[in-house]
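What follows is a single structure, written as structure tokens, with notes after it.
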Amino acid sequence: MSTSLQEMPSAESGRYGVSLQELLSTPSLAGAKVIAGAAGLSRLVARLNVMEVPDIQAWVKPDELLLTTGYPLREHPQTTSTLIEDLDARGLAGIAIKLGRYLDGIPADMIAQADRLNFPIIELPDQVAFDDILHECLSVILEGHVATLERSDAVHRALVGIVLEGGGLPELVSEVTLLLDGFVIVTTPDGRVLAKAGDSALAPDSAFDETGRLIVEHQRYGAQEVHYEDGSSAFVAAAPIVAAHGEQGRIAVFGLHRLTPIDVTILERSATVAALALTKRQAIAAVESKYQGDFLRDLLSGRAGGAEHTLPYSRALGWDLDRALLLIVAELDPEHGLSASELRAASDRFALAWESVVRARDPRAAVVGFSSEVVALIGSVEGVTPITALNEIAAAVSGDGGGGRRKFTAGVSRIAKGPNELPTAYEQARQAVRVGRQVHGSGRVADFDSLGVFRVLSLVPDSSELRSFLAETLGDLATRIDPEAADLRRTLQALLDTNLNVAETSRLLHFHYNTLRYRIGKLERMLGPFTTDAHLRLSLALALRILTMRGI
């Protein structure tokens with residue numbers, strides 16, 4: 001028969017129990033001998049089970065210590081060949097065998113398997129009764145369980161008190177650092193650090209990408225030892241921060257030593273309190289965002305009034321607008337199949353990412369998330385062009401693309417000299433986004449000054465007019481998708497770019513001079529005498545630019 005006694009809560013994160021090493025110090029197990037798998041004595045024991053049937057595998061559970069007289073092993077010796085591997089695969093803590101009555105010795109193959117898997121095999125004293133072992137071990141486990149609950153409850157009350165007294169995430173992680181003696185961080189779901197405390201040296205650089213994002217793809221919830229590609233490793237535990245609208249982030253601790261189940265329990269309680277702190281922060285941010293958004297809309301539409309009004313108000317919001325500014329507009333690229341709540345959550349995370357990156361670069365910047373875009377006003381740095389600044393910020397926001405991050409398109413304006421020029425700068429940045437997406441596709445960045453003739457072309461409201469111009473100017477060369485047409489378009493573009501310099505065009509395209517002459521003749525038969533007609537060359541150049549624009 002198989003009897004399972006007193007199941008204790010067990011999960012990958014926050015498992016309860018005591019180590020097998022600790023149980024061996026109880027009086028009933030004082031004379032026990034470790035026959036094999038001694039390296040696994042740190043395994044947790046949360047329950048005990050008695051094995052008196054050969055097919056015990058179907059009845060065992062993780063973190064069990066299995067007791068047996070060896071009777072089923074004597075009656076079914078074939079069971080021993082895979083028994084240890086099967087028990088280890090099911091997460092058992094070990095097996096304790098009483099020899100002499102049914103089994104004279106432990107088979108060599110079992111010992112070899114146990115040593116290889118660090119799965120403890122323990123020889124029980126002959127005089128000890130299973131009842132005594134069950135009673136004493138269960139008492140130790142229950143005492144440990146109660147102590148864990150009492151400590152976690154005290155920790156929970158203390159952490160809740162921090163939030164109720166006005167503290168936020170920084171104060172919370174500072175307290176958790178003292179409790180767990182490690183490096184504690186709170187991040188967004190995709191790994192952006194919101195708060196941190198403790199010795200950062202405990203977390204290897206490879207745990208983060210170049211933008212400082214925790215690479216959450218390397219971690220699972222619970223305690224584990226993480227091995228990174230550069231050969232480094234770290235003991236880390238993580239727990240999800242869950243609020244009313246789903247997962248809001250995670251809290252993680254990096255420790256010097258392997259983290260215990262009690263540590264994980266404390267971390268999980270901390271995650272619950274962190275959800276309270278995040279909800280409080282989001283409620284405050286929602287109110288602040290409304291005022292910030294209303295004021296920024298007035299600024300961008302020119303309705304905010306003169307500098308005597310806008311500058312003091314912006315300073316009250318923590319913004320510095322009395323300087324040279326760059327205005328950035330960023331939009332998430334369209335993605336089909338998302339519900340309204342998923343789109344809202346994605347937009348919120350997107351705005352939070354931009355705020356985190358921009359404020360780290362310029363603490364006096366303004367960053368506001370609207371329903372369909374994020375607008376940032378940052379100080380212009382002498383010697384740094386608008387597109388360089390945008391590239392740096394966009395790279396930091398996108399990071400390595402991990403964590404379920406979505407693609408976006410962004411545009412930046414010319415330098416605006418104060419609040420009065422912001423409406424014009426806003427239109428420039430929006431145009432850079434719109435035209436940049438048309439020309440280069442989604443997931444790119446553009447600055448207004450680099451749009452060139454595309455700025456003019458984008459102002460044509462009727463795309464059918466542009467298609468008509470293409471057909472009149474390029475003929476079927478505008479619509480053909482065969483390789484020959486592509487080569488001819490490339491040749492024409494190179495000729496126009498080099499101002500009809502045949503020698504230079506031949507070098508760029510790696511054509512023989514006579515081959516290029518032949519192609520020029522063919523193009524003129526199709527398009528007209530563009531080598532002698534400057535107006536036709538202008539039309540052809542415009543047509544090729546239109547051809548690169550998308551969505552016409």
Side-chain angles (χ1 to χ4, degrees), residues 1-10 15-80 82-84 86-88 90-111 113-115 117-148 261:
M1 60 176 290
S2 170
T3 306
S4 179
L5 298 174
Q6 186 58 34
E7 293 186 10
M8 304 293 294
S10 179
R15 292 151 51 208
Y16 294 115
V18 299
S19 70
L20 184 52
Q21 180 76 63
E22 185 178 348
L23 285 185
L24 289 177
S25 64
T26 59
S28 60
L29 294 177
K33 299 177 183 178
V34 180
I35 304 300
L41 290 177
S42 61
R43 294 187 181 216
L44 291 180
V45 180
R47 58 180 71 82
L48 289 89
N49 199 347
V50 177
M51 173 187 177
E52 296 301 351
V53 293
D55 59 342
I56 189 65
Q57 292 92 330
W59 307 98
V60 297
K61 295 181 179 180
D63 302 329
E64 280 186 342
L65 175 61
L66 197 59
L67 308 179
T68 182
T69 60
Y71 176 78
L73 301 179
R74 185 195 70 171
E75 293 295 320
H76 302 273
Q78 70 276 9
T79 304
T80 65
T82 61
L83 178 64
I84 300 301
D86 290 344
L87 297 180
D88 180 71
R90 285 166 170 78
L92 266 73
I95 184 170
I97 303 176
K98 183 182 290 189
L99 299 176
R101 185 174 182 182
Y102 298 111
L103 199 66
D104 294 330
I106 298 173
D109 58 344
M110 284 183 62
I111 293 176
Q113 289 175 14
D115 283 331
L117 298 172
N118 296 326
F119 184 86
I121 297 179
I122 298 167
E123 180 183 347
L124 295 173
D126 182 59
Q127 69 279 9
V128 67
F130 279 1
D131 284 348
D132 293 336
I133 296 174
L134 294 171
H135 175 74
E136 289 186 0
C137 289
L138 181 58
S139 297
V140 172
I141 293 171
L142 286 174
E143 288 172 3
H145 185 192
V146 170
T148 298

For the CG atom of Asn118 and the CG atom of Asp88, what is their distance to the nearest 0.5 Å?
8.5 Å
Looking at CG of Leu83 and CD of Gln113, how far apart are the two atoms once the value is rounded to the nearest 0.5 Å?
8.0 Å
Mind checking what makes side chain to side chain contact (heavy atoms under 4.5 Å, CB included) contact with Ser28, not counting sequence neighbours?
Thr26, Val128, Asp132, Ile133, Glu136
Pairwise distance CG(Leu48) to CD(Glu64) - rounded to 0.5 angstrom:
8.0 Å
Distance, nearest 0.5 Å, that separates CG of Leu41 from CG of Leu23
10.5 Å
For Glu143, give me all partners under side chain to side chain contact (heavy atoms under 4.5 Å, CB included), at least two apart in sequence or on another chain.
none
Any side-chain heavy atom of Ile95 sitting closer than 4.5 Å to one from Ile84?
yes
Rounded to the nearest 0.5 Å, what's the gap from CG on Asn49 to OG1 on Thr68? Could you check?
10.5 Å
Closest non-hydrogen atom pair between Leu29 and Cys137, with its separation:
CD1-SG, 3.8 Å
Side chain Arg43, main chain Leu92, donor-acceptor under 3.5 Å
yes
If the condition is side chain to side chain contact (heavy atoms under 4.5 Å, CB included), which residues does Ala36 pass it with, not counting sequence neighbours?
Ile111, Ala114, Asp115, Ile121
Report the C-alpha distance between Val140 and Ser25 in whole Å, list the side-chain angles of each, state the deciding distance to 0.1 Å, and finish with yes or no for side chain to side chain contact (heavy atoms under 4.5 Å, CB included).
CA-CA 10 Å; Val140 172; Ser25 64; over 6 Å; no
Is there side-chain contact between Leu134 and Leu67, with heavy atoms separated by less than 4.5 Å?
yes
Tell me if a side-chain donor or acceptor on Arg47 pairs with a main-chain N or O of Pro62 at a distance below 3.5 Å.
yes
Drop me the distance from Leu99's CG to Ile35's CD1, to the nearest 0.5 angstrom.
7.0 Å
Using every non-hydrogen atom in the two residues, find where Phe130 and Leu124 come nearest and quote the distance to one decimal.
CE1-CD1, 3.8 Å
For Ala93 and Leu44, work out which heavy atoms get closest and say how close.
CB-O, 3.2 Å
Can you see which heavy atom on Ala32 is nearest to which on Pro125, and at what distance?
N-CG, 3.8 Å
